[in-house]
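Here, residue 1 is the first one in the sequence, and each next residue gets the next number.
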Amino acid sequence: MSATSGRRDIVVIGGGIIGCCTAYYLTRHPSYDPVQHTVTLLEASEIAGGASGKAGGLLAQWAYPSNIVDLSFTLHAQLAKEHDGKNRWGYRETNCGQIVVKGRAMSDTSQKKEEGQSLQKRSNAAVSKLKSANIPKDLDWIEPDLLRAYESMSGPGETAQVHPYLFTTSMAKLAEEKGAKIIIGQVTEISRSDDGVDSVTYTEKSSGEVHTIAATDVIVAAGPWTRSVLPEAPITAMRAHSVVIEPARPVSAYALFTSIEIPEDFDPSKRSRPTVAAPEIYTRPDDTVYACGDGDQTVPLPSTSAEVEVDLERCQEIFDQVGSISDALRDGKVRTKQACYLPNCERGKGPLVGLTHTKGLYLAAGHTCWGIQNGPGTGKLMSEFVFQGEAKSAKISSLDPRDQL
């Protein structure tokens with residue numbers, strides 16, 4: 001069906017970054033006509049309630065899959081320019097690097113320094129050590145005596161960041177401003193016939209009432225919950241924990257992938273410990289620091305993002321690990337302890353973006369940890385599938401859902 005052939009009732013399932021960006025770009029497509037076309041976004045619990053509100057928010061030109069990355073990275077910059085993303089959702093370019101660091105025992109206070117001490121105030125020996133290891137001068141919030149190596153992965157221009165919750169909710173609001181309708185309700189059925197999709201049934205969260213709405217086009221963008229509405233989709237879930245820290249002093253703009261050597265006496269209360277930890281650390285323009293740890297599959301995916309179980313011990317471990325290499329973090333305050341589920345493709349190839357075997361039914365899921373990075377690109381491509389019948393802005397045949405459904 002072409003965009004000019006009459007009424008279109010478009011339903012987007014999922015209020016994470018993929019669903020919100022899809023709603024945004026549907027309402028910005030040149031063929032979109034608010035008189036003839038409806039765009040309804042259905043979200044089970046709350047906008048950005050899952051990983052899209054609890055992610056790190058890293059944007060990188062070296063992310064994957066490469067056939068979406070460049071498009072999406074460029075769109076991020078355009079969106080920030082058009083909608084004041086710098087102030088609205090913390091968009092900024094940032095440095096990114098890998099560091100190898102020796103961690104300290106939790107009880108070790110021998111290397112604590114006066115709060116607010118900067119690199120310029122350190123001894124000549126400490127500064128010389130940093131220079132010899134090619135440590136950037138402004139990475140002065142990682143303790144220099146602990147650093148073993150630093151390798152730049154990319155600099156400003158190739159790496160940027162956003163605050164994921166603010167970015168996702170902003171995309172939803174901007175879509176609303178152009179006519180999209182947002183409903184908080186859990187989808188229970190997508191009705192299909194030989195001719196394609198017919199309707200979507202959902203249970204409204206506030207009232208508990210069941211409603212069915214007509215649909216000519218349905219985009220399933222439910223992240224790790226995709227299988228609950230599209231059982232044949234090969235999407236699995238992995239839980240990830242993170243903490244948000246208010247550091248004891250200002251820290252420079254870096255995204256760090258760490259390898260931290262954990263000493264034997266790191267935490268005497270633990271019988272077992274990892275010998276190496278690899279938390280990721282992202283400093284943010286709102287004067288907070290986000291840190292996340294390894295994923296786990298010990299707790300099955302709950303029915304909605306509102307029911308995600310947070311393991312406080314795992315959160316504490318992340319804080320202890322990053323605090324073992326930085327006084328600014330160890331002396332800071334933990335503002336948030338949280339968990340979310342990341343959507344993975346069962347067969348390891350993803351994300352899946354495009355048409356399914358049912359006319360009018362589309363899939364946009366399985367973005368792993370790169371959902372925020374690839375949200376705009378995916379959203380724009382989905383708008384092209386709906387209104388033009390195929391992807392126009394990127395060559396994404398390798399992401400065809402029909403090859404895995």
May I have the step-by-step check of side chain to side chain contact (heavy atoms under 4.5 Å, CB included) for W141 and I281, ending in yes or no?
CA-CA 12 Å; W141 47 276; I281 306 172; 4.0 Å; yes

Considering all heavy atoms, the nearest G15-E43 contact
N-OE1, 2.7 Å

Is the shortest heavy-atom distance from the side chain of Y290 to the side chain of V243 under 4.5 Å?
no

In terms of heavy-atom contacts, A365 and C345 come closest through O-SG, 4.5 Å

Does the side chain of S324 reach to within under 4.5 Å of the side chain of V101, using non-hydrogen atoms?
no

How long is the span from the CD atom in E143 to the NZ atom in K102, to the nearest 0.5 Å?
14.5 Å

Is it true that R284 and D286 have a side-chain N and a carboxylate O under 4.0 angstrom from each other?
no

Test item: V218 and V200 side chains (from C-beta on) under 4.5 Å apart, heavy atoms
yes

T188 and Q186: side chain donor to acceptor below 3.5 Å:
no

Please tell me if the side chains of I372 and T168 come closer than 4.5 Å, counting only heavy atoms from C-beta onward.
yes

What are the two closest non-hydrogen atoms of A160 and F73, and how far apart are they?
N-CE1, 4.1 Å

Rounded to the nearest 0.5 Å, how far apart are CG of L256 and CD of Q98?
10.0 Å

Just by modelled atom types, is the H29 backbone N or O under 3.5 Å from a matching donor or acceptor in the S383 side chain?
no

dist N344:CG -> T236:OG1 (nearest 0.5 Å) comes out at 4.5 Å

Pair listing, salt bridge (Lys or Arg N to Asp or Glu O under 4.0 Å) test, anchored in residues 332-346, at least two apart
R227-E346, E246-R335

Expected output: side-chain Q61 to main-chain S154 donor-acceptor under 3.5 Å
no

Taking atom types as modelled, find out whether D138 and Y254 have a side-chain donor-acceptor pair closer than 3.5 angstrom.
yes

So salt bridge (Lys or Arg N to Asp or Glu O under 4.0 Å) across residues 380-392, not counting sequence neighbours, yields E390-K392

What pair of heavy atoms forms the shortest contact from L41 to G14, and how long is it?
CD1-O, 3.1 Å

Would Y282 and T94 count as a side chain to side chain contact (heavy atoms under 4.5 Å, CB included) here? Give the steps.
CA-CA 10 Å; Y282 306 106; T94 189; over 6 Å; no

Side chains of Y25 and M382: closer than 4.5 Å at any heavy-atom pair?
no

Any side-chain heavy atom of K359 within less than 4.5 Å of one from R192?
no

Is it the case that the side chain of S326 and the backbone of G323 share a donor-acceptor pair, with hydrogens and angles ignored and the cut-off at 3.5 Å?
no

We want to know whether S199 and T212 form a side-chain donor-acceptor pair, criterion being a heavy-atom distance below 3.5 angstrom.
no

Tell me whether the rings of Y341 and W225 are parallel (<30°), tilted (30 to 60°) or perpendicular (>60°).
perpendicular

Could you state the interatomic distance from OG1 (T203) to CD1 (I184), rounded to the nearest 0.5 Å?
13.5 Å

Closer than 3.5 angstrom, by distance alone: can the side chain of T226 be matched with the main-chain N or O of I235 as a donor-acceptor pair?
no

Reported NE2-to-CD distance for the pair H83 and E177, which is rounded to 0.5 angstrom
8.5 Å

Contact summary for P376 and C21, nearest pair of heavy atoms
N-SG, 3.6 Å

Below 30° counts as parallel, above 60° as perpendicular, anything between as tilted: where do the rings of H37 and Y32 land?
tilted

Using a 3.5 Å distance criterion without hydrogens, assess whether the side chain of R314 forms a donor-acceptor pair with backbone atoms of D296.
no

R239/Q297 under side-chain hydrogen bond (donor to acceptor under 3.5 Å, both in side chains): CA gap, chis, key distance, verdict:
CA-CA 6 Å; R239 188 174 63 162; Q297 293 180 310; over 6 Å; no

Backbone N or O of G16 within a donor-acceptor pair of the S52 side chain at under 3.5 Å?
no

Inter-residue atom distance I325.CD1 - I260.CD1, 0.5 Å rounding
4.0 Å

Is D9 salt-bridged to R7, cutoff N-O under 4.0 Å?
yes

Report yes if the side chains of N67 and S398 come closer than 4.5 Å at any heavy-atom pair, otherwise no.
yes

Regarding H76 and Q373, do their side chains bring together a donor and an acceptor under 3.5 Å, going by distance alone?
no

Closest contact, heavy atoms only, A237 versus P224
CB-CB, 3.7 Å

Checking side-chain polar atoms at under 3.5 Å, does T378 have a donor or acceptor matched by the opposite partner on H367?
yes

Any salt bridge linking R8 with D217? Criterion: basic side-chain nitrogen under 4.0 Å from a carboxylate oxygen.
yes

Between the side chains of S303 and E307, is a donor N or O closer than 3.5 angstrom to an acceptor N or O?
yes

Side-chain (H241) to main-chain (G293) donor-acceptor, under 3.5 angstrom
no

Between R148 and E261, is there a donor-acceptor pair closer than 3.5 Å when you use the side chain of the first and the backbone of the second?
no

No-hydrogen, no-angle side-chain donor-acceptor test under 3.5 Å, S193 and D198:
yes

Decide side chain to side chain contact (heavy atoms under 4.5 Å, CB included) for T22 and V39; before the verdict, give the C-alpha distance in whole Å, the side-chain angles of both, and the deciding distance to 0.1 Å.
CA-CA 10 Å; T22 297; V39 176; over 6 Å; no

Kindly indicate whether the side chain of I213, heavy atoms from C-beta on, has any atom under 4.5 Å from the side chain of T40.
yes

Test R104 against D327 for salt bridge (charged side-chain N to carboxylate O under 4.0 Å, His left out), laying out the working first.
CA-CA 11 Å; R104 299 170 294 186; D327 289 345; 2.9 Å; yes

Is there a donor in the side chain of Y202 and an acceptor in the side chain of E204, or the other way round, less than 3.5 Å apart?
no

With side chain to side chain contact (heavy atoms under 4.5 Å, CB included) as the test, would you mind laying out the steps for L59 and W370 before giving the verdict?
CA-CA 8 Å; L59 317 176; W370 292 114; over 6 Å; no

